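Comments concern the structure below.
Below, each value reflects all heavy atoms present in this structure, side chains not excepted, and no hydrogens, waters or symmetry copies. Within every chain, numbering begins at 1; the chains are lettered A, B, ... in the order of the sequence lines, protein sequences first and strands thereafter. Not measured: the values here are computed from a predicted model.
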Protein chains: 2
Amino acid sequence: MKLIASARMQAEPSSDTALRLEDFLPYRLSVLANLVSGSLARVYARRFDLTVPEWRVLAVLGRYPGISAGEVAERAAMDKVTVSRAVARLIARGRLRRGTNAEDRRRSALRMTAEGRAVYQRIVPLARAYEAELLADFSPAERTSLDQLIQRLTGEAARLREPMAPVQAADD
Amino acid sequence: MKLIASARMQAEPSSDTALRLEDFLPYRLSVLANLVSGSLARVYARRFDLTVPEWRVLAVLGRYPGISAGEVAERAAMDKVTVSRAVARLIARGRLRRGTNAEDRRRSALRMTAEGRAVYQRIVPLARAYEAELLADFSPAERTSLDQLIQRLTGEAARLREPMAPVQAADD
DNA sequence: TGCAATTAGTTTCATATGAAACTAATTTCC
DNA sequence: GGAAATTAGTTTCATATGAAACTAATTGCA
């Protein structure tokens, strides 16, 4: 049955065309990020009954108390729906308070309650410790290198996400 | 109102305790991976009506034709439920054929149909091109460095996922 | 042989996600 | 001032996810 194997034969993909998933950067990044997020979440999810979006909201508010839900979404690279729900849950558990922005009453002004801060202040050291363990074997030079590579890749990926800006004019 | 700010005051987290999310490795990896996955998926999702899990199943089968669903899950680091559904959808669209493993009739033997191979062979170059664009500005040395850093981080994260093997006994 | 334990894969169920529609407040512009 | 357009945030809805229960086949072992 095996005739002369021609390139035209639409056979099983041969090793020269087959893509090695385990070497493919998007796949590797995805696996790595999931592993890291998952193992970090283990540290706080059960102990504090906190989801990843909730932790991110707290993390942003720890640095920028009083900002609005929209600003949280922007700073945490989260969807506004996800933020809305995480905030609702955090408020329900007494970890956040929702004020109103005095200048623009559509906007919320989110702040942690004392209870929220207590949770936050217990998680931050755990998060730092996790990161430290992850990087324990990396030299300062390697950390700098990692830092720069991630930053550049993120910039590239952001550029590639937008379908190439039109060369002429015609904004749509 | 500002009394002597003591460390005991449970005030807004100050800059020394506050965690900078934008510098926090797990967060940065997650943002990067989502950006990359998202922008790559744009390339094939609409054009071929293919989800990320489906693409991964095809990618694995491109290299290992005839393996079972479980082996696909393992090689693609996917959940078996996700694989099961992706396979079902691929079969429904005529892109995959499900045979039975002769030695163990519980196992499937998955292969692309001619149509599946056609899709696969159109996506692979697009995927490679995307990766090439992402890495366009990186020197060979930088690529090697990136490669090794990802590999080491993945190894570390995998180790940290398992809660430290107990030293004594007394499991809880 | 034949029954218990294991394994491959699917289905169910409870929850997570995000696009689109919606509500409420604000700004623009006449 | 006030109607139209804009913006912040929520709700709805359709889909995605994965743990646990389930089904079907196989293997182990008496």
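Looking at Thr154(B), its side chain does come within 3.5 Å of a backbone N or O of Ile150(B) through a donor-acceptor pair. A donor-acceptor pair is defined here as one N or O able to donate and one able to accept, closer than 3.5 Å; no such pair exists between the side chain of Arg75(A) and the backbone of Tyr64(A). Under a 3.5 Å cut-off, the side chain of Arg117(B) and the backbone N or O of Met112(B) do form a donor-acceptor pair.
OP1 or OP2 of dT10(D) lies within a sub-4.0 Å distance of a side-chain N or O belonging to Ser84(A). Note on Thr82(B): a side-chain N or O is less than 4.0 Å away from OP1 or OP2 of dG18(D). Contact annotation: Ser108(A) side-chain N/O to dA8(D) OP1/OP2 distance is not under 4.0 Å.
We find that CD of Glu54(B) is positioned 13 Å from C1' of dT15(D), with the value rounded to whole Å. Note: CD (Glu103(A)) to P (dT7(D)) measures 18 Å, nearest angstrom. Taking atom CG of residue Leu90(A) and atom P of nucleotide dG9(D), one finds them 15 Å apart after rounding to whole Å. Atom CG of Asn101(A) and atom P of dA24(C) are 20 Å apart (whole Å). For Arg107(B) and dT27(D), the CZ to P distance is 9 Å, given to the nearest whole Å. Atom CE of Met78(A) is separated from atom P of dG18(C) by 9 Å (rounded to the nearest Å). Rounding to whole angstrom units, CD of residue Glu74(B) and P of dG9(C) are separated by 11 Å. Summarising the geometry, the separation between CZ on Arg105(B) and C1' on dG9(C) is reported as 15 Å, rounded to the nearest angstrom.
Between the side chain of Arg85(A) and the base of dG9(D) there is no donor-acceptor pair of N/O atoms closer than 3.5 Å.
In this structure, the nucleotide among dT26(D), dT6(D), dG9(C) sitting nearest to the side chain of Asp104(B) is dT26(D). Distance from the side chain of Pro53(A) is smallest to dT17(C) among dG18(D), dT17(C), dT10(C). The side chain of Asp79(B) lies closest to dA19(D) when the candidates are dA19(C), dG9(D), dA19(D). Looking at the side chain of Lys80(B), the nearest of the listed nucleotides dT26(D), dT10(D), dG9(C) is dG9(C).
In this structure, Val36(B) and Tyr130(B) have side chains that are in contact, with non-hydrogen atoms separated by less than 4.5 Å.
Taking the six-membered ring for Trp and thresholds of 30 and 60 degrees, Trp55(A) and Tyr44(A) have ring planes inclined between 30 and 60 degrees apart.
Between Val81(A) and Arg106(A), the residue anchored closer to the 5' end of DNA chain D is Arg106(A), taking for each the nucleotide with the nearest heavy atom. Each of Thr51(A) and Ala88(B) has a nearest nucleotide on DNA chain C; the 5'-most of these lies closest to Ala88(B).
Using a 4.0 Å heavy-atom distance criterion, Arg98(B) is classed as a sugar-phosphate-only contact.
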